[in-house]
Each structure stands twice: as C-alpha cells, then as structure tokens.
Amino acid sequence: MLRIYNSLSRAKETFLPIDPPRVRMYVCGMTVYDFCHLGHARVMVVFDIVQRWLRSSGYQLTYVRNITDIDDKIIRRAVENGESISALTQRFIDCMDEDALALGVQKPDNEPRATAYVDDMLIMIGQLEKRGLAYKAANGDVNYSVRRFPGYGKLSGKSLDELRAGERVGVDTTKQDPLDFVLWKSAKEGEPFWKSPWGNGRPGWHIECSAMGTRLLGEQFDIHGGGQDLQFPHHENEIAQAEGAMEAGQGKRFVNYWMHNGFVRVDDEKMSKSLGNFFTIREVLKQFDPEVVRFFIARAQYRSQLNYSDHHLRDARASLARLYTALKAADVSTAGSAGTPDWSEPHAIRFREAMDDDFNTSEAIAALFDLANELNKTRAPAQAAQLRALGGMLGLLGRAPDEYLQFVPAAQSAENLGLGREEINALVAARSAAKKARNFVESDRIRDQLAAAGIVLEDTRDGTTWRRA
RNA sequence: GGCGCGAUGGCCGAAUGGUUAGGCAGGGGACUGCAAAUCCCCGUAUGGGGGUUCGAUUCCCUCUCGCGCCUCCA
C-alpha cells in the first residue's frame, strides 16, 4: 500500500486514487527562457521516479508536466536577444528535452504549453468573475480577490493576516488587497497579447496551471507536484482558482495529494536563478556521467535538501561504480534488457516497502547495495538480472557496466594524454604479455603509465580489464 | 516580525520508544608477483538543557544554530 506525504495535511497518507486504477498527476514544469539547472533536474528526476513507481505499481497514470512559454522574463529575454518569443522558447524547450533525455527522464504523457490554453484560462477567469472572486482593477488587470476565497492559505499554512503583505513588496495600489494576484495582465505597448472580454492582455502565471490541469486531468485529480518554492503562492493560488471556479457549493477538492520536492543547495543556500548560484545541467554533464547526477538525486529522500558540490558528485560516482562493478563481474549480457523484478525475492520486498513508504529511494538503494554484495559472492546471473531490474525501477543500471566504468566526461577527454581506446587496449595487451613473461618491471611500468592517465587495471581470471579512476 | 522545516559518525544519507540502514573515505586480514576489484572483520554519530518512560536518538518543552517561505523561482 503506497503512502504519500501530503503537503496539505503535513503527514503521510495512504494513497487512494479518485478513480482507480487510473491516476492523474500534474507537475509544474519549467519557464523556458534559459537552460535548466540542477534544481530543475531534481524536479524532473524526482517525479520521473514517482511516475515510474506508480506505473509499475499497476496504476494507469496520466502524467502532465506543463511548459510556461509566456511570461515577463521570457518577453524581456526575447527583447534582449533580439529574438522572437517563439524562437526563444522553442530553443530552450529543445534544450530541456536534451537534458531530460540525458538524465533518463521519460517524457510525460502530455506537456502542454501555456500559450495553447489561453482559451481555457479565459473561461476560468470568467467563472471566477461570475462568482465574485475576480475583479478588473483600475490599471486594466484582472485580479483574484483572495479575501473572498475562504480556504486561502490552507496549503501553505498561512493566514491572510499573518502574511503581512507589503513588508517585502511594494504594494500595488490598484489591488483591493495587497495579496490579490493577477489573473489577466492588460497588454503593454509592444508586448504580445490575446483578446479577451477584459481587453487585450496575457494570462498571469498562476492561472495557467489551474486551467491546464483541470482541462487535461479534470476538475479534480490525484497528485500535484512541484518544487517546494511553489507551495506559496503558486500552488495556493492554483487551489483558489480551481476550487473557486467550480460550481458553487460543490466543495470539491482540486487536488488530493500535494507533493513538494526539497531544494538543491549550493554552499548551504538555495540554488536559484535569482541568487545566480545555479549550475546548469549541461554544465554539470561536462564533468559527470548523467547517471551519476541521477543517482545523486535518487539517493536522497525527495523532500530533503540536497547540497550540491563536486565532492558529493564524486562520492555518488564511486558509490554507483560499486553496483556496476558487481554487475560486470556477474553478467554483461543483460545490458539494456532490464526486465521485471522478481517481487517475491527478499531484496525486492524491501525495495518495494521502501518505495511504498513515500518513495524512500535512500532505503530502496540500500537494498540494491545489499543485493550487490550477495551478487559479488554468488555471481549468479539471476541475481544480476534482479539488480538490473530493481535499478531500472529508478531509471538506473540500464547500461553495459563498461559504458559506465569507462565513461569519460567531455571536460576531461582532452586531458587524457591522448589515450584512445585502441591505445589503452594495446597497452593492456603489452602489459599482459610482460606479466606472463614475469617481467614485472615492465608490466608495472605500463600500469603506472595508464594510472597516470586515470586508468585503473583490474586483473581477473579471464584477463585484464580497465576502468576510469 | 509571522509561518514552517531541519540538526544522525571524517563526508553523504536512511530509520527507529529497547540491537542506530546503506554508500564514500579510513584501519586490519584473505586473495594477488605487487596492485586493483572482491570477500571477511573493525573504529567514530543521534546539537545543548529539562521532562514523560523501566528505557528517548525517536515523544513533549526549551535553548542554540542552520535553512526555507512570506516577491519571480523547481
């Protein structure tokens, strides 16, 4: 039985879908005006793991992750670049897809772009206006009147009076209440706009997700995810919009389970674009195997904070090498053919219990290491297959071991003293010959030469293999 | 200022009212020509102070420290 920590109740709850075995999940995706950073990588990987686990648990999942392709920053960036908005957003959507692919993130079932759902947003704004929850301000913007929505603050645990609006933000005097947020922004000179009953303009950010979510998944759905920073105000506003737009008196819940992943941090500070301390995914992938990045994310509980540093990624790389080393010793033939785990086997039982406990990937991975330890002793192909299959549940261990163990990051390829695979193999063969002739001075010389190039040799009964240090 | 989260060994990171996962790093042994890998064995941890309890790292209170949200943010 799957249990999920629900941000709404701040407790783990048994997961009961609205319409089993169907499950509908929406995750807030990216605003596409720049490259994705590691914070984005975490959202994508975390919910990719959630997605995989729901499906492998037998649920028929519909997974939606949106793309925000119209907003202030996009407009500004396009102007700066002298580039059209659509060219800019398409360019970064392509980059995002590349990054996601590298990290082993499967495509969601639907990736709606905000600009394609403006009609739905307008309908929802109209419903809100009809129910007295929206009003047009003096500056032409249409705002949401938070004081008129009784449940406002239930997700973030904030009360309107506690929010003390204006403390950190200049108060917008056209709003009835400083906490009111914009649903429809009236068009400014030179900005893209859509026609609406309230005049030309474009949607506010929050309405996008409510409109796309309800349009694609229904008025109510099971899971809504995103980064912790979206809990307030974004998700709070989504609830206010979606529930506020429902038929009066329904009292239905927009979303039953809210999931928020913790931040990625750098030097104990949140990694974010506004702080400027972010590392883009592609930057990191010049230094590290993408599977290392995925493993780094997966080995921590998704709600915890995750500190990024080269040291931690190197630690993750060494750790994952242990699993691949075990696979290599036992079996290389099952690469890429991760099958279904044998769920009756003890490690799989432990793995499943861990995953069912709010996606406890740390504990699930611990089961993988215990299995690897046994595999190192037995070398049994069935255990190797089981290790691969369980790793596959997390999107890990899908490659041939040598592909991982001999991986050279782009940033290091130039520093490898010009040693290509053929030269390495030739040196390994030369060393083996010297070793066989018991010329250990020569064989050790070659081994030292390779070590200087970052290559470690391993002698086995079947011959010598190599890996990257 | 308001609200919330957190503090576990050298590092990372789970869990738990009684024996504290797993990984990295480290020490010893086996194996090896020597190594590497692997196997076996082994240190060091629950921030401070109260309380509840037979027993607290776990529950409660408090203090200290750190972080997050209260503006755009994954």
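Letters go in sequence order (proteins before strands), and every chain restarts at 1. Values in this document were obtained by computation on a predicted structure and should not be read as measured data.
The same atom, P, is picked in B:U62 and in B:G2; the two are 14 Å apart, to the nearest Å. On the P atoms, B:U57 is 15 Å away from B:U8, given to the nearest whole Å. When the C1' atom is used for both B:G49 and B:C67, the distance is 23 Å, rounded to whole Å. Going from the P atom of B:C59 to that of B:U16 covers 10 Å, rounded to whole Å. If you take atom P in B:G55 and the same atom in B:U19, they sit 14 Å apart, rounded to whole Å. Spacing between B:C39 and B:U53 at atom P, rounded to whole Å, works out to 47 Å. B:C42 and B:U20 are spaced 13 Å apart, taking the P atom of each and rounding to whole Å. If you take atom P in B:G29 and the same atom in B:U64, they sit 50 Å apart, rounded to whole Å.
Distance, A:Arg468 CZ to B:A36 C1': 16 Å, rounded to whole Å. At whole-Å resolution of the value, CG in A:Asp459 and C1' in B:A37 are 10 Å apart. A straight line from CG of A:Asp370 to P of B:G23 spans 7 Å, rounded to a whole angstrom.
Annotation: side chain of A:Ile455 is not in contact with side chain of A:Gln449 (no heavy-atom distance under 4.5 Å).
When the nearest nucleotides of RNA chain B are assigned to A:Leu275 and A:Asn376 by heavy-atom distance, the more 5′-ward of the two goes with A:Asn376. Of the two residues contacting RNA chain B, namely A:Glu269 and A:Phe440, the nearest-nucleotide position lying further toward the 5' end is that of A:Phe440.
When distances run from any side-chain atom of A:Thr325 to the nucleotides B:U38, B:G4, B:A74, the shortest one goes to B:U38. Residue A:Asp229 places its side chain closer to B:A74 than to any other of B:A74, B:G2, B:A21. Of the candidates B:A15, B:A37, B:G13, B:A37 carries the atom nearest the A:Glu458 side chain, counting heavy atoms from C-beta on. For A:Pro233, the listed nucleotide lying nearest its side chain is B:C72; candidates were B:G13, B:C72, B:C24.
Taking 4.0 angstrom as the limit, A:Arg322 places a side-chain polar atom (N or O) nearer than this to OP1 or OP2 of B:U38. Look at A:Asn307 and you won't find any side-chain N or O under 4.0 angstrom from OP1 or OP2 of B:C12. In terms of phosphate contacts, A:Asn261 brings no side-chain nitrogen or oxygen within less than 4.0 Å of OP1 or OP2 of B:A74. Dashed line: the shortest gap from a side-chain N or O of A:Arg467 to OP1 or OP2 of B:A37 is under 4.0 Å. Applying the 4.0 Å criterion to OP1 and OP2 of B:A14, one finds that A:Ser304 has a side-chain N or O inside that range. Within the 4.0 Å cut-off from OP1 or OP2 of B:C40, at least one side-chain nitrogen or oxygen of A:Asn373 is found. The side chain of A:Lys436 places no N or O atom within less than 4.0 Å of a non-bridging phosphate oxygen (OP1 or OP2) of B:G33. Residue A:Lys435 places none of its side-chain N or O atoms closer than 4.0 Å to OP1 or OP2 of B:A35.
At a threshold of 4.0 angstrom between heavy atoms, the contacts of A:Leu457 include nucleobase atoms, whether or not backbone atoms are also involved. A:Gly157 comes within 4.0 angstrom of sugar-phosphate atoms only, judged by non-hydrogen atoms across all strands, and of no base. No contact: A:His260 has no heavy atom under 4.0 Å from any strand.
Geometrically, A:Lys12 does not engage A:Tyr5 in a cation-pi contact, judged by NZ or CZ lying under 6.0 Å from the ring centre and within 45° of the ring axis. At least one test fails for A:Arg202 against the ring of A:Trp184: distance under 6.0 Å to the centre or angle within 45° of the axis. Geometric assessment of A:Lys154 against the ring of A:Phe149 yields a negative cation-pi assignment under the 6.0 Å and 45° thresholds.
Using the Watson-Crick or G-U wobble rule with both distances under 3.5 Å, B:C72 pairs with nothing in any strand shown. The partner of B:C5 is B:G66, by the rule that a Watson-Crick or G-U pair needs both atom distances under 3.5 Å. Nucleotide B:A15 forms no Watson-Crick or G-U wobble pair with any nucleotide shown, as no partner meets the under 3.5 Å limit on both distances. B:U44 makes up no base pair with any nucleotide shown, lacking Watson-Crick or G-U wobble contacts both under 3.5 Å.
Classification of A:Asp370 and A:Arg350 as a salt-bridged pair holds, one side-chain N sitting under 4.0 Å from a carboxylate O.
A:Glu111 and A:Tyr63 are not linked by any side-chain donor-acceptor pair at a separation below 3.5 angstrom, with hydrogens and angles left out of the test. Side-chain polar atoms of A:Gln231 and A:Ser156 form no donor-acceptor pair below 3.5 angstrom.
For a distance-only test at 3.5 Å, the side chain of A:Asp315 qualifies as a donor-acceptor partner of the base of B:G23.
Aromatic stacking is not marked for A:Phe369 over B:G23, as the cut-offs of 5.5 Å for the centres and 30° for the planes do not both hold.
No more than 12 heavy atoms of other residues, nucleotides or ligands shown are found within 6.0 angstrom of CG on A:Asp267.
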